[in-house]
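To find a chain, count down the sequence lines: A is the first, B the second, and so on, and within it residues start at 1.
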Amino acid sequence: MSNPFDDIPFDDAHGAAPAPKPAGGGSGIAARAMGARQQPDYLTGLNPEQRRAVETTEGPVLVLAGAGTGKTRVLTTRIAHILAQGLAWPSQVLAVTFTNKAAREMKARIGLLVGGAVEGMPWLGTFHSIGVKMLRRHAEMAGLKSDFTILDTDDQIRLLKQLIQAEGLDDKRWPARQFAMMIDGWKNKGFGPADIPEGDARAFANGKGRELYTAYQNRLKTLNACDFGDLLCHPIRVLKANPDVLAEYQQKFRYILVDEYQDTNTAQYLWLRLLAQRRVSAPTSPLRGGRRSEQSEADPGGGDIGADTPTRLDTVSPTSPQGGGGNAAPPNICCVGDDDQSIYGWRGADVDNILRFEKDFPGATVVKLERNYRSTAHILGAASHLIGHNEGRLGKTLFTDAADPDDPKVNVHAAWDSEEEARAVGETIERHQRDGNNLNDMAILVRASFQMREFEDRFVTLGLNYRVIGGPRFYERMEVRDAMAYFRVVCQPADDLAFERIVNTPKRGLGDASVRLVHDYARRKGMPMLAAAAEIVATEEMKPKPRAALRGVVENFARWQERLDNTPHAELAETILEESGYTAMWQADRSAEAPGRLENLKELIRSMEEFESMRAFLEHVSLVMDAEQNEDMDAVSIMTLHAAKGLEFDTVFLPGWEEGLFPHQRALDEGGRSGLEEERRLAYVGLTRAKRNCHIWFVSNRRIHGLWQSTIPSRFLDELPTDHVDVAEPPTSYGGHGGYGQSRFDRADTFSTRRESPGWRRAQANQTEATRGNWGSRSGIAVERIGYGETDSGFGAGKGSVKGRVIEGELIAKSVADEPSAFAVGDRVFHLKFGNGNITAIEGNKLTIAFDKAGEKKVLDGFVEMV
DNA sequence: CCCGTTTCACTTTTT
DNA sequence: GTGAAACGGG
């Protein structure tokens, strides 16, 4: 990361945060250079606040790191500092992140700082991966064997479905997917079946919620499996129930660091708090010995690093920490986060965790990082003003010294529909590219993934390289999951879910009836299905044809299992796919996807080679569900706003700023005020991804669920400050309709002809009616003069003090008319996009129209006009 | 038991 | 409009 403050004078840093080893006196350049040399290299270039965050190693520390303020740098430097000062061995530092990417990046950067591999940091990883690690060591305490498998959401849902059916419930009425979400929600709070609130338990399946949850947990246990939530819940339970184990970890982890603390959920918080409550006393504990031996195992790892940082590690004994002498020492926990970037409330993240930090850890040092190294003053101004509309913030204001009058303001653009939006974004991208910018420096950040498609379509026709991040994942592809299921059964014969997935894939004549037979037999005898199948094959229970097929399967697996430990695993994997007929199945497939699928299978086997064993590979895949993208090509990135957190781009496009989409209607409905605030934080995240150029788009018409809806600009547009925002004039516009209201529709290019058409007028009228307002023109953003309760839109004075029409909750309802349709079946109508047609059916305000050219479509009545 | 057709739900975000 | 799942005929 290039830091513009790399050359900040050293004295600056000294003033606010004295170095541990004061530099020698003297003011000459040479003396200063000497002083600088004595500073550890890694501290150079940190600003005073960053430095304080790094050097305050003892006691609880909360680092409030705004977007682009060098958060990762602080975290990694802090770890490097702890290691270099000899305050702890690498194995005594617990550092948790949310994503694998963040963990990887942290490892890499610490490696750079400390010099050399950081293999000695076994406890740096995601919450989940560290949870697994703990759980594998103490699996018996959670009623599991240490080689338990980890189920993904898909398996989880299939399992729940079986259970729901087994209860004699209608799985249509009570969808497994929904129940899976409820369970996730409970586990995010650390609730076991006994802990869930009565109301929650009643909410599903006529009050059988708790019963089903219990059944699910039992089933997991017999399958020797865990779902994602268990990876945290089990460790919490183990730690609570076994004080000796807990004490072991509490003493082991001298320093705890947490990234993205604002995203922690209750379970993660509980887990952290358990580990952070250091009870350093208890020298009598019999576990001392155990701990020692454990530690000596880890020490060599630390020694490796010591080789690169000679002085400190040798002289300071890690077993006599400076801060942890007495009883109940304050924990050395350092949480880094930004309450303004908390965007995962919907999956259980609790912003309160960060807001409460000082109460949870009395005497905490709080460091605010507000100096932004990423964006222009305009972007920061826009983002800060927007986020200022949220309440209950810890309150930070980003600033930058790098203000250049040439910096572009944030641009707001309007488009007729999403198609035009994609076209215009494509043009802007090409323009930037012609100006000598890399596509890699540009990104399109959308609210919902369905928005991506239109951009993809457009870019394909333009021949513009693009890359979808967080799109359909490699490990979620059908063929990859099938192959994985084969491997899972081989490694883990009790994995019934995997077995069921592939018994009849490829088709072997083992349909529902046969699988049920095996399933019932297995349940009756309490054995895994594969074992049951082996027994059934030896009996007369099955008709000869399926029996032969099943025998084949059983024999195959027996053979593969034999070879598991004496064959190179990638080779074995290939054999399995070969002998099972799975590869042949796709080779015989004439469909268009088949070659791609075969390619994916090859890629799967190739990536397996990088692992030590098939088991190690399976573990990796279950936790690290992302596949690397090829970074070589120059391409525009398309991703969701959520996926964009932590990234930065020179130019950022933010399409779809319309009510209902952004803020998302569902967030508003289900989350109310706090839902809206989370959406606003999402907008803030989006804006602050941009270094220099930021283009916001909204459209008047968008197709949602297959039918066209008219939309209103997002309220977030109103919340942007005029001084930092420009409304882009259409390039071909022959200026001068500045004074006109409704001018945002006056896109000259494609509409000069259409503007006179009846459909256009109809749509325009419709739009005006919905959003009636005044649109500023010259100086600022197009301002829609609609009040949103108390919201300060930032446009106080001026001629535009038109009385705001408060339509709040009704904003979107506008497009779902409640009055009876003015049309009748058989009417001849005109539609701007589809031309003329006849109405064949009416359903509320949705019309089904047989268009002369476009065929039958469903359309909202606001978009057609009687001919 | 297999395969084609129809139907339905989906569209927030993900470790 | 799309994809998955259910249904019914062969």
All side-chain contact (heavy atoms from CB on, under 4.5 Å) counterparts of [X], not counting sequence neighbours:
X        : result
A:Ser637 : A:Ala443, A:Arg467, A:Ile469, A:Met639, A:Phe649
A:Asn265 : A:Asn188, A:Ala267, A:Gln268
A:Asp339 : A:Leu64, A:Val351, A:Ile354, A:Leu355, A:Arg393, A:Leu394, A:Lys396

Check: With sequence neighbours excluded, what pairs up with A:Asp350 under the side chain to side chain donor-acceptor pair (under 3.5 Å) test?
Finding: none
Checklist line | Any residue meeting side chain to side chain donor-acceptor pair (under 3.5 Å) with A:Arg666, in chain and number order, not counting sequence neighbours | finding: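 Checked A:Arg666 against side chain to side chain donor-acceptor pair (under 3.5 Å); matches are A:Glu670.
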How long is the line joining [atom1] of [X] and [atom2] of [N], in whole Å?
X        : N      : atom1 : atom2 : value
A:Leu510 : B:dC2  : CG    : C1'   : 13 Å
A:Ile150 : B:dT14 : CD1   : P     : 20 Å
A:Ile157 : B:dT14 : CD1   : C1'   : 13 Å
A:Lys187 : B:dT14 : NZ    : P     : 21 Å
A:Arg508 : B:dC2  : CZ    : P     : 11 Å
A:Arg481 : C:dA4  : CZ    : C1'   : 14 Å
A:Gln268 : B:dT14 : CD    : P     : 16 Å

Next item on the list: Would you give a per-nucleotide map of nucleotides 3-13 of chain B, 5' to 3', where B means the base has a protein non-hydrogen atom under 4.0 Å away, S means only the sugar-phosphate does, and - means neither?
Entry: S-------BBB
Margin query: With rounding to the closest Å, how many angstrom separate the P atoms on C:dA4 and B:dT13?
Written below: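 Result for the P pair: 16 Å, nearest Å.
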Notebook entry, point to check: Does NZ or CZ of A:Arg681 lie under 6.0 Å from the centre of the six-membered ring of A:Tyr684, at an angle within 45° of the ring axis?
Noted result: no
Item checked: Comparing A:Asp184 and A:Ser514 on DNA chain B - which has the more 5′ nearest nucleotide -> A:Ser514
Next item on the list: Just call it for A:Arg702: base, sugar-phosphate, or nothing, with non-hydrogen atoms closer than 4.0 Å on any strand.
Entry: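 Nothing: the residue A:Arg702, judged by heavy atoms under 4.0 Å, touches no strand.
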Kindly give the atom pairs (protein nitrogen or oxygen, nucleotide nitrogen or oxygen) under 3.5 Å for nucleotides 5-9 of chain C.
residue : atom : partner  : partner atom : Å
C:dA6   : OP1  : A:Lys161 : NZ           : 3.4

Check: Cut-off 3.5 Å, side chains only: do A:Asn353 and A:Tyr261 have a donor facing an acceptor?
Finding: no
Got a list of side-chain donor-acceptor pairs under 3.5 Å for residues 514-521 of chain A, not counting sequence neighbours?
residue  : atom : partner  : partner atom : Å
A:Tyr521 : OH   : A:Glu535 : OE1          : 2.6

Checklist line | By salt bridge (charged side-chain N to carboxylate O under 4.0 Å, His left out) - contacts of A:Glu260 (at least two apart) | finding: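 Per chain and number, A:Glu260 pairs via salt bridge (charged side-chain N to carboxylate O under 4.0 Å, His left out) with A:Lys71, A:Lys645.
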